[in-house]
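Here the structure is a predicted model, which means the values were calculated and not measured.
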Amino acid sequence: MPLSRRRIDLESLASFGADPINCSDSTDGSGISQPSCIKDLSPIGIRIHQWEISTQNSTIGDEKGMEKLTAILEDVANSSTTSAENESVDTGNQKKRRMCPPEITFLDAIVSLKHNKMHIRFNATDALLEWAEAHRYLNHGINEGENGRNECRGVQILQTKDAKSWSKKPSEGTTSSQFYYDWTFASPYAGSIIQTHEESIGDTSSRISDINNRTKWRPLSQSLIPFHLLQDTSQPILLYDDISLFEDDLHDNGDVSLNIKLRVMPYCWYVLLRLFVRVDHVCLKIREVRMFCYFGKADPTLRVDKNVICRDVVWREIMWDDLLNLGLPTDPAKWREGENAGDFARLIGKLPVVELPPDLPRYSSVSLE
């Protein structure tokens, strides 16, 4: 659990017209919560300018919770549906595709931003549901010929030598199912917008519709996020958190992690969601989603209107053999986010940008009106 979780002291919050959520924390006068609060698993947050913004850390999902999640993912991956490209998908004659969530999944971790009827949230279940949904349109086995697809919305099943041998092991001696899925958990997830009351994990169809929310975002020709405002050190950070949603060591073949950073300032909030996939000596994938909302005084110098949520999405990928061509390190140890997050961010920023799915614009916005 990250130790950087913090919220400014209550007196300072009040001076900016903000109220605390879960005000049980104490401070030492520096404005930084003490470790007893930082390590707390309960939600913390603030209310500011009609926004209710909160975060919650989580322990690793227990056996019962993981079994429930697995059942939901398999139901989504094996259901018949119609794709975004209007392809009819019939899974009735296929073997059931078995799924498995990441080994370390923080089931109760969440970042939540609510404003009137709109609720933006980030959690592991939503991310994995969208990952599972893409499997409906993928080939069901390694040697299936030309029927089906090899990739859907960035989800694909790596067919490396190790992946092939590993994927066969769980299905030995069974004829009713196949353990064959994207074992790197490379979800195209870009956050969830909930505009209904259907937030039950058991209502799979409504959850998928809410998570995808692909039609709500209006494509833009350029980014409207004013990054210079985020670099304004004269403005305090009222709330900051770094939440891990899931992790996995890919059976000692690399690493995958999905985490989200939240920052709330007196006039805006900002979110960075990052999926990092490293399959040692095979490939690197980084998928970043940035969201920003300005709720301060009208500013004619800004290109973004008040209470408009801006979203930037960028995917970067490279095959391992191409790292040398860009003068980048080939030692897997160099591709781990250590103590110096700034150096790591600059390193992944050198990776090539790849095309996004057609329904996921690089720049987009949605209004609260």
Undergrad: After noting the C-alpha distance and the side-chain angles of Ile46 and Asp19, does the key distance pass the side chain to side chain contact (heavy atoms under 4.5 Å, CB included) rule?
TA: CA-CA 5 Å; Ile46 61 174; Asp19 298 317; over 6 Å; no
Undergrad: Would you say that Val308 contacts Val366 through its side chain, given a criterion of any heavy-atom pair below 4.5 Å between the two side chains?
TA: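 Contact flag for Val308/Val366 side chains = no.
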Undergrad: Does Arg311 qualify as a cation-pi partner of Trp217, given the criterion of NZ or CZ under 6.0 Å from the six-membered ring centre and within 45 degrees of its axis?
TA: yes
Undergrad: Quick one: do Tyr294 and Tyr270 satisfy ring pair (Phe, Tyr, Trp, His ring centres under 6.0 Å)? Show the steps, please.
TA: CA-CA 9 Å; Tyr294 180 76; Tyr270 174 73; over 10 Å; no
Undergrad: Going by the salt bridge (charged side-chain N to carboxylate O under 4.0 Å, His left out) test, which pairs reach into residues 218-240, not counting sequence neighbours?
TA: none
Undergrad: What verdict does the side chain to side chain contact (heavy atoms under 4.5 Å, CB included) test give for Thr55 and Ile44, after you've listed the backbone C-alpha separation in whole Å, the side-chain angles of each residue and the deciding distance to 0.1 Å?
TA: CA-CA 6 Å; Thr55 68; Ile44 67 166; 3.9 Å; yes
Undergrad: Taking the side chain as every heavy atom from C-beta outward, state whether Cys293 and Asn307 have any atom pair closer than 4.5 Å.
TA: yes
Undergrad: Tell me whether Arg346 is salt-bridged to Asp343, with the criterion being a basic N under 4.0 Å from an acidic carboxylate O.
TA: yes
Undergrad: If hydrophobic clusters are built from ILVMFWY residues whose side chains come within less than 4.5 Å, do Ile110 and Tyr189 share one?
TA: no
Undergrad: If you draw the axis of the six-membered ring of Trp335, does the NZ or CZ of Arg278 fall within 45° of it and under 6.0 Å from the ring centre?
TA: no
Undergrad: Thinking salt bridges, do Glu74 and Lys96 make one under a 4.0 Å N-O criterion?
TA: yes
Undergrad: At what distance, to the nearest 0.5 angstrom, does CG of Asp248 lie from CG of Asn253?
TA: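 Reported value, rounded in 0.5 Å steps: 10.0 Å.
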Undergrad: Would you call the rings of Trp51 and His115 parallel, tilted or perpendicular, taking 30° and 60° as the class edges?
TA: tilted
Undergrad: Heavy-atom distance under 4.5 Å between the side chains of Leu138 and Asn150, does that happen here?
TA: no
Undergrad: Should Leu262 and Leu239 count as side-chain neighbours, where that means a heavy-atom distance under 4.5 Å?
TA: yes
Undergrad: With sequence neighbours left out, what residues match Tyr267 under side chain to side chain donor-acceptor pair (under 3.5 Å)?
TA: none
Undergrad: Find the distance between CE (Met118) and CD1 (Ile194) and round it off to the nearest 0.5 Å.
TA: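 Going from the CE atom of Met118 to the CD1 atom of Ile194 covers 10.5 Å.
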Undergrad: Answer yes or no: is there a side-chain heavy-atom contact under 4.5 Å between Glu103 and Phe246?
TA: no
Undergrad: How about Phe227 and Phe292: do any of their side-chain heavy atoms sit closer than 4.5 Å?
TA: no
Undergrad: Would you say the side chain of Leu238 lies within less than 4.5 Å of the side chain of Pro266, judging by non-hydrogen atoms?
TA: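 When only atoms from C-beta onward are counted, Leu238 and Pro266 do touch, with a gap below 4.5 Å.
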Undergrad: Using the six-membered ring wherever Trp is involved, compare the ring planes of Phe185 and Trp131 and label them parallel, tilted or perpendicular (cut-offs 30° and 60°).
TA: tilted
Undergrad: So which residues get pulled into Val314's cluster when ILVMFWY side chains under 4.5 Å apart are joined, directly or through others?
TA: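 Reading the cluster by chain and number, Val314 sits alongside Val353.
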Undergrad: Could you tell me if Thr125 and Asn123 have a donor-acceptor pair between their side chains, going purely by distance under 3.5 Å?
TA: no
Undergrad: When you check the side-chain N and O atoms of Asn259 and Ser244, is any donor under 3.5 Å from an acceptor?
TA: no
Undergrad: Can you get from Phe106 to Leu245 by hopping between Ile, Leu, Val, Met, Phe, Trp and Tyr side chains that sit under 4.5 Å apart?
TA: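 Different clusters.
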Undergrad: Considering only NZ, NE, NH1 and NH2 on the basic side and carboxylate oxygens on the acidic side, decide whether Glu288 and Arg316 come within less than 4.0 Å.
TA: no
Undergrad: Please lay out, stage by stage, how Leu273 and Leu258 fare under the test side chain to side chain contact (heavy atoms under 4.5 Å, CB included).
TA: CA-CA 7 Å; Leu273 177 75; Leu258 181 65; 3.8 Å; yes
Undergrad: Using the six-membered ring of Tyr240, assess whether NZ or CZ of Arg263 lies under 6.0 Å from its centre and within 45 degrees of the ring axis.
TA: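 No cation-pi geometry.
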Undergrad: Rounded to the nearest 0.5 Å, what's the gap from NZ on Lys350 to CG on Leu326? Could you check?
TA: 10.0 Å
Undergrad: Between Asp312 and Val289, is the side chain to side chain contact (heavy atoms under 4.5 Å, CB included) condition met? List the steps.
TA: CA-CA 6 Å; Asp312 291 6; Val289 178; over 6 Å; no
Undergrad: With heavy-atom distances below 4.5 Å as the criterion, would you say the side chains of Val277 and Leu284 are in contact?
TA: no
Undergrad: Please determine if Arg7 and Asp241 form a salt bridge, counting it only when a charged side-chain N lies under 4.0 Å from a carboxylate O.
TA: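 Looking at Asp241 together with Arg7, the answer is no, because their closest N to O distance does not fall below 4.0 Å.
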Undergrad: Rounded to the nearest 0.5 Å, how far does CG of Leu230 lie from CD1 of Ile225?
TA: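 Going from CD1 on Ile225 over to CG on Leu230, the span is 7.5 Å.
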